[in-house]
Number of protein chains: 4
Amino acid sequence: MIDVQNQIDTRGIKIQRTGVSKVHLPLLISDNGKIQQVAAKIRFTVSLSEKIRGTHMSRLMEILTDWTNTPITILDVEKILLDAQTKLDADFSTIQIEFKYFVEQSAPISDKKSLLDIDCKLDGELYKNSRMKFNLGLIVPFTSLCPCSREISSFGAHNQRSVCKVNLEIADMDKAEDFGIEKIFRLIESQGSSKIFPILKREDEKFVTEYAYQNPKFVEDILRDVVGTLRGVENISSFEVECENFESIHNHNAYAYFSE
Amino acid sequence: MIDVQNQIDTRGIKIQRTGVSKVHLPLLISDNGKIQQVAAKIRFTVSLSEKIRGTHMSRLMEILTDWTNTPITILDVEKILLDAQTKLDADFSTIQIEFKYFVEQSAPISDKKSLLDIDCKLDGELYKNSRMKFNLGLIVPFTSLCPCSREISSFGAHNQRSVCKVNLEIADMDKAEDFGIEKIFRLIESQGSSKIFPILKREDEKFVTEYAYQNPKFVEDILRDVVGTLRGVENISSFEVECENFESIHNHNAYAYFSE
Amino acid sequence: MIDVQNQIDTRGIKIQRTGVSKVHLPLLISDNGKIQQVAAKIRFTVSLSEKIRGTHMSRLMEILTDWTNTPITILDVEKILLDAQTKLDADFSTIQIEFKYFVEQSAPISDKKSLLDIDCKLDGELYKNSRMKFNLGLIVPFTSLCPCSREISSFGAHNQRSVCKVNLEIADMDKAEDFGIEKIFRLIESQGSSKIFPILKREDEKFVTEYAYQNPKFVEDILRDVVGTLRGVENISSFEVECENFESIHNHNAYAYFSE
Amino acid sequence: MIDVQNQIDTRGIKIQRTGVSKVHLPLLISDNGKIQQVAAKIRFTVSLSEKIRGTHMSRLMEILTDWTNTPITILDVEKILLDAQTKLDADFSTIQIEFKYFVEQSAPISDKKSLLDIDCKLDGELYKNSRMKFNLGLIVPFTSLCPCSREISSFGAHNQRSVCKVNLEIADMDKAEDFGIEKIFRLIESQGSSKIFPILKREDEKFVTEYAYQNPKFVEDILRDVVGTLRGVENISSFEVECENFESIHNHNAYAYFSE
């Protein structure tokens, strides 16, 4: 049967990324020794020589399918990217894996345990004969309470659910043992006005309400505190932070962004 | 050219609804004499006899396209449905039109004007030789402030953005002069702990913060107050109410539902 | 500490559903003996007496959290609903659990194995002293190929990805041993012009292309064939079918709906 | 009343972007002399000195509200950004405006007119004392037909709806008279296997089916042809192209990306 993909291309354009997107698969993520099965959405690409018409996308699906039963560490992401280069004769490959990850929360007073969902993205890019460039993305939810509203009002203060989206590039792959999902989450969730919890009994609700009231923060305050926190994290070469407050007094959001 | 749709079907199944969905078109909505251009998402269907294989969907698109320049009142929705029955030889037709609608808000103290977006759905169903069954759907945003959190806390109270989704069936089409989008919106937005506004100056922010604090409501309180309000609205034969609070202290929502 | 939720309400409105929505949790689903971990999105509600102000939502979260480690069969859904009634002193409870479920596909010629994602919804409602009313919802993807386009064109025929959304109410809970997710999926995926597969080698691609071309179906054809198929399934008291073709020649969809 | 935002900040972190996001407003877009009202979703930010605690977000909403009745050209976007800098004492400002834009399509044989929706993004960034850096983003839908499937199959070929997402940076603002939405759309829609149309009569459907069959293109072919096309467009300094085919034979997409 003719291999149409393998035809010679004469347009002279080398393609940076070609592959599959919005692939849904169950994967096993290994973070700091803990293995969690996740429902992943994946984009997986390779480069394509300017001389070849198309890539063989079914091979990318075969590679992904082979990994559904094996726990994946950060070094495995590099292996997946290398495997793609070999099997598709490419000198560049990328993968983005997005999923909900669950972390255990303990209510502040009752100590009730529950599972909080956070959004994660593993983002790897590999050039031939290099180490992988890797970014960890997290979306961390918490409460924010407005300092202006608190200050000018005789009682109360508007507050709301907020998210902080961080994207961290790892500096040295040799020192990257795990994704650090939970570790980074713990650092970020503390930068809002209060952490949030799926289960709160009444004594817990009193605690988080009062804690947030005593800890008012603008979206800019949260952003700056996250920036300060990330500057102290080892093995990060660059980062982006995006904070968004789902304002309770508006139908739009307050937003702040920083990268370095 | 052969008309494949018009082939005889022998499976003996009359289809209740066949047509087009996720059609995006600009439309002119006439609500109580005010005309507003909206970006609509439309589903438009007709019934299909058990003897015919397929309907002629391009005719539905032609009908919709013809209406893009004419203001649409509630009676026009009935005309559109009748037109579909005639042009597609059907005895039942339905249309659902969803769009963002903008209402003018005035900040409570500064009186600053701004435009608030609400989500609307016009939902019509017409059987041959009957009057249209029509539902107006609105999603109205406001603030909710938790009575429990306020009561048990020494200071502050958690609050958040909330939405109330109402769906109202009109009792008597002869008395239905307009959709009543803005009229129903005004009734519903007052049932939360506080209305919300796109532009709030500092004196307004103080006002809404204190207003919400003095007006604490559970999701159940809001639901009951909306139910009480809708029972007093003329020309409604049935309604559904769904309230959702985007809890600032959780990553999930509080929810309540009522229909009668 | 005062129990504000437990205050007496005088508005005289019994609430049909109050609880939590958009809760994300990992669950274990047991379908016909096979256990699969899924990332679930859940709505969980109870009724509330007209005499009580609010329900205790943290108890609903505790019930859900307790179930994260136990495989859930259809009878367990009824147990969860009963548990909610007991712990929240309610006479009606509902749950909706939505998740991606993975089924193994074998490519038609190469027999290559891969995992296809389908969307599932488990929907249970329980009145006190009754059996649960249960609906299984599935969204099944496949290819559709247009009979008109094929007939009138000298070569080729437009085709596209399509989905069929079915909602099945179980007739007799005593005979409902499992959800039947995979069983119903197998019946539905065969009603399009061709099944779809995550991995297809060239010989498979030839097969599905030719198979679809020889099996042209309008959205109405697919709907009628699904209706005919579901009428033959045991232990279903009613069903809804919604088919949608993501037309390759339009930017909107073809749509058909049937219920009985 | 105290101005909490205006307090001195000692963390020493200058914020690159702070403002409002997910603002929904009706706007008038002027593209090459044609004015179209759109339902916009907007993000609007300014920089914030390391010495100041928070920005005054209501001023950003006031600026946007003032523009709801005035047609906006590309030079007006620069004016909006300059206005933000003045009113919020900032040296950098950004705006992203997303909306559906409607272009008139004429069916290829019947010449039937209809309105096709495309997704647009206007993206401006302005540093003090510079000209605006401006990107136009478009998502253009069309049909793709697989060359491999066509070649290896005895009849037919799988095809599907596809989108091409382009992002174009304008080289010289002095020569940028209009956004060029329709002009760029026309260039891109021709790079698929066939253009798509909201209304197609039977003779048109035959035409587009046969046209696509005679014009098979991989996602990589489309990408390369779009790249070649954009290289010929004047006044573009850089661009990104992302193509995605909603594969009719899979439940995932084929994807390709290029930037220069």
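Worth saying up front: this structure is predicted, and the values here are computed from it rather than measured. Sequence lines set the chain letters: A, B, ... in the order given, protein chains first and strands last, and positions in each chain run from 1.
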Chain D contacts, top residue of [options] (heavy-atom pairs, under 4.5 Å):
| options | result |
| --- | --- |
| B/Ile2, B/Asp3, B/Leu115 | B/Asp3 |
| B/Leu60, B/Leu25, B/Leu116, B/Val38 | B/Leu25 |
| B/Met61, B/Met1, B/Arg202 | B/Arg202 |
| B/Ala39, B/Ser114, B/Pro198 | B/Pro198 |

Within-4.5 Å side-chain heavy-atom neighbours: D/Lys113 and B/Thr65 = no
In this structure, are over 12 heavy atoms from other groups packed under 6.0 Å from B/Asp89 atom CG?
->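 Not buried by this count: 12 neighbours or fewer within 6.0 Å.
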For [X], is it the side chain, the backbone, both, or neither that has a heavy atom closer than 4.5 Å to a heavy atom of chain D?
| X | result |
| --- | --- |
| B/Leu200 | backbone |
| B/Asp204 | neither |
| B/Leu64 | neither |
| B/Gln36 | neither |

Separation between NZ of D/Lys41 and CG of B/Asp117, rounded to the nearest 0.5 Å = 11.5 Å
Chain D-proximal positions within residues 188-197 of chain B [heavy-atom distance under 4.5 Å] = none
Quick one: which residues of residues 95-112 of chain B reach chain D at under 4.5 angstrom, heavy atoms only?
-> B/Lys100, B/Phe102, B/Lys112
Could you look at D/Ile118 and say if it's the side chain, the backbone, both or neither that has a heavy atom under 4.5 Å from chain B?
->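 For D/Ile118, there is no contact with chain B at all, as no heavy atom is under 4.5 Å.
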Pick from D/Lys206, D/Glu203, D/Arg59, D/Lys201: which one has the most heavy-atom pairs with chain B under 4.5 Å?
->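 Looking at each option in turn, the highest pair count goes to D/Lys201.
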